[in-house]
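Just so it is clear, the structure is predicted and the values come from calculations on it, not from any experiment.
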Amino acid sequence: FSDYFTIRRLQGNIMINLKPNRIYIVKDAFFNEFNDPYLTYNKNENRPHGIVFKDPNPKLSELFWIIPMGSNIQKYREKIDYSIKNRGNCDFWYIDKIGNKQSVFLICNMFPIIPRYIKREYTINKIPLEIKNKKTIKEINKRAKKVHAKIHHNRKSMPETLPDVLSIKQKLLNSFY
């Protein structure tokens with residue numbers, strides 16, 4: 001996952017560049033089309049959704065995964081502590097300071113997406129928010145690989161209240177192939 005990409009797609013009159021370790025906003029159209037109650041609420045195209053990474057299957061060049069971000073640090077710190085206490089680790093959530101505030105990456109809530117559903121980069125004072133801390137990037141990538149594998153091969157080990165990402169993935173692939 002750390003060998004990222006830059007992809008350029010013409011969407012209307014806007015050229016989209018997906019870049020590694022940048023934070024993106026997803027279009028409401030995605031949530032309208034894939035109306036799954038467990039997808040992270042979009043907040044009228046204002047929610048920063050997190051980093052995007054290519055699907056590990058090289059045959060799926062148009063398919064990406066995006067990790068939602070949240071701000072309820074206390075709630076997820078408790079979940080992380082519980083997971084570490086009972087399982088010895090926690091791959092589902094990761095907390096770190098991004099930009100000027102603490103954020104939680106909801107790794108277990110990652111979902112597939114294609115470039116036409118990316119609205120834009122998330123910016124602060126017109127500057128794209130980018131994860132620069134190499135430790136943070138490494139930790140998110142490590143956890144994302146594990147969760148991605150669990151989604152595809154061992155879904156029973158995942159929390160029950162997750163979006164049906166495999167169904168979403170299939171619909172996205174059907175729109176391309």
Side-chain angles (χ1 to χ4, degrees), residues 1-8 16-26 38-40 47-115 117-125 127-159 161-163 165-166 168-169:
F1 289 177
S2 60
D3 293 337
Y4 278 103
F5 53 88
T6 299
I7 186 167
R8 297 171 67 84
I16 300 291
N17 292 304
L18 300 181
K19 296 179 183 173
N21 310 319
R22 295 262 175 103
I23 309 299
Y24 290 91
I25 292 178
V26 178
Y38 296 115
L39 281 171
T40 308
R47 179 189 197 101
H49 260 88
I51 60 174
V52 177
F53 59 90
K54 283 184 75 66
D55 191 277
N57 183 342
K59 294 179 182 177
L60 305 178
S61 63
E62 297 291 331
L63 187 66
F64 297 85
W65 291 79
I66 192 161
I67 299 171
M69 294 170 61
S71 59
N72 191 340
I73 303 304
Q74 185 60 36
K75 172 183 174 182
Y76 289 101
R77 191 170 309 282
E78 290 171 7
K79 288 182 174 210
I80 290 168
D81 291 346
Y82 179 85
S83 181
I84 290 171
K85 179 181 174 187
N86 291 295
R87 293 188 201 114
N89 65 11
C90 181
D91 295 321
F92 299 145
W93 308 283
Y94 185 75
I95 297 172
D96 205 349
K97 187 173 183 176
I98 307 299
N100 59 358
K101 68 177 190 170
Q102 289 281 312
S103 295
V104 59
F105 288 88
L106 310 173
I107 298 167
C108 64
N109 292 79
M110 72 169 119
F111 56 89
I113 195 161
I114 55 178
Y117 291 112
I118 302 289
K119 182 175 176 99
R120 62 177 173 82
E121 292 176 318
Y122 181 77
T123 60
I124 297 175
N125 297 325
I127 299 170
L129 185 58
E130 182 175 2
I131 302 169
K132 295 182 179 181
N133 183 313
K134 292 184 187 305
K135 179 182 180 275
T136 299
I137 294 165
K138 181 179 177 181
E139 287 298 321
I140 292 170
N141 283 325
K142 179 176 79 173
R143 287 170 168 87
K145 282 181 184 179
K146 289 179 182 179
V147 169
H148 187 271
K150 287 177 183 181
I151 287 170
H152 288 82
H153 304 293
N154 189 13
R155 183 119 173 130
K156 291 179 183 177
S157 67
M158 299 287 290
T161 56
L162 296 177
V165 294
L166 296 179
I168 294 170
K169 177 181 175 180

message = Do Phe92 and Leu162 have side chains that approach each other closer than 4.5 Å (heavy atoms only, starting at C-beta)?
response = no

ask   = Just how far is it from atom CD1 of Ile25 to atom CG of Leu129, taken to the nearest 0.5 Å?
value = 10.0 Å

Plane angle bin for Phe53 and Trp65 - parallel if under 30°, tilted between 30 and 60°, otherwise perpendicular = parallel

ask   = Under a 4.5 Å cut-off applied to non-hydrogen side-chain atoms, are Val165 and Met110 in contact?
value = no

query = Taking side chain as C-beta onward, heavy atoms only, is Leu166 less than 4.5 Å from His152?
reply = yes

key: Spacing of CD1 belonging to Ile137 relative to CG belonging to Asn21, to within rounding of 0.5 Å   = 3.5 Å

message = How long is the straight-line distance from CZ of Phe64 back to OH of Tyr24, given to the nearest 0.5 Å?
response = 9.5 Å

inquiry  = Would you compute the distance between atom CD1 of Ile107 and atom NZ of Lys142 and round it to the nearest 0.5 angstrom?
reply    = 10.0 Å

ask   = Which distance, rounded to the nearest 0.5 Å, do you find between the CD of Glu121 and the CG of Leu18?
value = 8.5 Å

task = Give a yes or no on whether the backbone of Cys90 and the side-chain of Arg143 come within a donor-acceptor separation of less than 3.5 Å.
result = yes

request  = Compare all side-chain heavy atoms of Lys150 with those of Asp91 and state whether any distance is below 4.5 angstrom.
outcome  = yes

request  = Find out whether Ile23 and Ile51 are in side-chain contact, i.e. whether some heavy atom of one side chain is under 4.5 Å from a heavy atom of the other.
outcome  = yes

key: Asp55 side-chain N/O to Asn57 backbone N/O, donor-acceptor pair under 3.5 Å   = yes

request  = Only pairs at least two apart or in different chains count here, so list each side-chain hydrogen bond (donor to acceptor under 3.5 Å, both in side chains) that has a residue in residues 77-86.
outcome  = Gln74-Glu78, Ser83-Arg87

Residue pair Ile118 / Ile66, side-chain heavy-atom distance below 4.5 Å = yes

key: Flag side-chain contact, heavy atom, 4.5 Å: Ile140 against Asp96   = no

inquiry  = Filter on salt bridge (charged side-chain N to carboxylate O under 4.0 Å, His left out), then keep only pairs touching residues 127-138, sequence neighbours left out; what's left?
reply    = Arg22-Glu130

ask   = Where the side chain of Tyr38 meets the backbone of Asn109, is there a donor-acceptor pair that is under 3.5 Å apart?
value = no

task = Write down the atom of Val104, the atom of Ser71, and the distance for their closest heavy-atom approach.
result = CG1-N, 4.3 Å

remark   = When every non-hydrogen atom of Lys54 is compared with those of Ser61, the smallest separation belongs to NZ-O, 2.9 Å

query = Once you round to the nearest 0.5 Å, how far does CD1 of Ile114 lie from CD1 of Ile168?
reply = 12.0 Å

